[in-house]
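As the structure lists them, so they are numbered: ligands from 1, and atoms in each ligand from 1.
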Amino acid sequence: MTPTLLRIATRKSALALWQAEHVAAELRAVHRGLIVDLVPLSTRGDEILDQPLATIGGKGLFLKELEVAMLEGRADLAVHSLKDVPAELEPGFALPAILPRADAADAFVSNDYADLAALPLGARVGTSSLRRQAQLRAVRPDLTLLDLRGNVGTRLAKLDAGHYDAILLACAGLERLGLASRIRNRLAAPDWLPAPGQAAIAIEARSDRPEVLALLSALDDAQTRLAVTAERSMNQALGGSCTVPVGAWCTVTERGLHLRGMVGDVSSGRLLQAQAEAEGDQAEALGKQVAQALFDLGAGALLGR
Ligand SMILES: NCc1[nH]cc(CCC(=O)O)c1CC(=O)O
């Protein structure tokens, strides 16, 4: 029987709540009469803020509590930033919808400097993302890289308190929170690669709930799904963890898919880059092909395998 109520499990950060509200509004718009409620939950990834994500167990930390809520019948779906969703989902779960992508660029945010090139020698830049750190090292080996965790508001407050000369965030998150005015400069492809799936919102649900999956799939954007499938397939073929600096960017045109991939080394600032094109129905194979090209360039040593 088609459900008349859908409950969305979400993290409690301002960005997570915005994304869940956005999905709720879209669901109400496409399914007239459907009741959609939010179930805000705390996750381990939100609670442990004093350690880098890579050391406390990675991205799955943000999903676990939301998945438990779905398994226990307290929620019907969960809304995530796709870049926080591990390449391999927990068994029994699916991503029935991936929403149209926002701006996938990273944002250079600073109160004193217009862009990376304007930073003085040795300037302090805050980011806990290994991908951002490796790309920073590659263009500015002199910079002092400092850890920076917490939600978007916390990170901006730490910048404003003077702990950093600049910080890097995702443009998409700033835009969703009405903070686009904080973006001083966009760090964008092909010179600078985002995380696989960056700027796409994903809906997760139990694979054994066909009526729920059918309602949710109405929000799926085919073009975004193709692009992020290629990016996530590459990430998975490289080992799929968030403890290595990996960037990916796939564009979709009438001619097909174009995937760029990057594996970096934070200490040396060395970046390995590869790219390839494929037909629209070959997204997964394209991801594996670019991963193989990166291995051929020596990515294995950087990935510790
Ligand atoms: N890791 C936290 C996270 N997960 C998704 C976004 C931004 C929104 C998106 O990429 O969809 C952010 C914040 C950031 O990186 O600045």
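- Interface atoms of ligand 1 facing A199, defined by a heavy-atom separation under 4.0 Å, are 9 (C), 10 (O), 11 (O).
- Listed by number with element, the atoms of ligand 1 under 4.0 Å from a non-hydrogen atom of L169 are 16 (O).
- Between D84 and ligand 1, an N or O atom pair is found at a separation short of 3.5 Å.
- In summary, R7 and D37 do not engage in a salt bridge, as defined by a charged side-chain N under 4.0 Å from a carboxylate O.
- Per-residue contacts place Q198 under 4.0 angstrom from the following atoms of ligand 1 (heavy atoms of the residue considered): 10 (O).
- Heavy-atom contacts of A170 reach the following atoms of ligand 1: 7 (C), 14 (C), 15 (O), 16 (O) (cutoff under 4.0 Å).
- The residue among K83, R176, E175 with a heavy atom at the shortest distance from atom 15 (O) of ligand 1 is K83.
- At a 4.0 Å heavy-atom cut-off, ligand 1 touches R132 through the side chain alone.
- Looking at residues two or more places apart in sequence or on another chain, you find a side-chain contact (heavy atoms from CB on, under 4.5 Å) between L34 and L6, L27, H31, V36, L215.
- A salt bridge is absent between D221 and R101; no separation between the charged side-chain nitrogens and carboxylate oxygens falls under 4.0 Å.
- Ion pairing between a basic and an acidic side chain is recognised when a charged N comes within 4.0 Å of a carboxylate O; D265 and R137 show no such pairing.
- Judged purely by distance below 3.5 Å, without hydrogens or angles, the side chains of E231 and N235 never pair a donor atom with an acceptor atom.
- No heavy atom of R149 sits closer than 4.0 Å to any atom of ligand 1.
- The pair R186-D191 does not meet the salt-bridge criterion, since no charged nitrogen lies less than 4.0 angstrom from a carboxylate oxygen.
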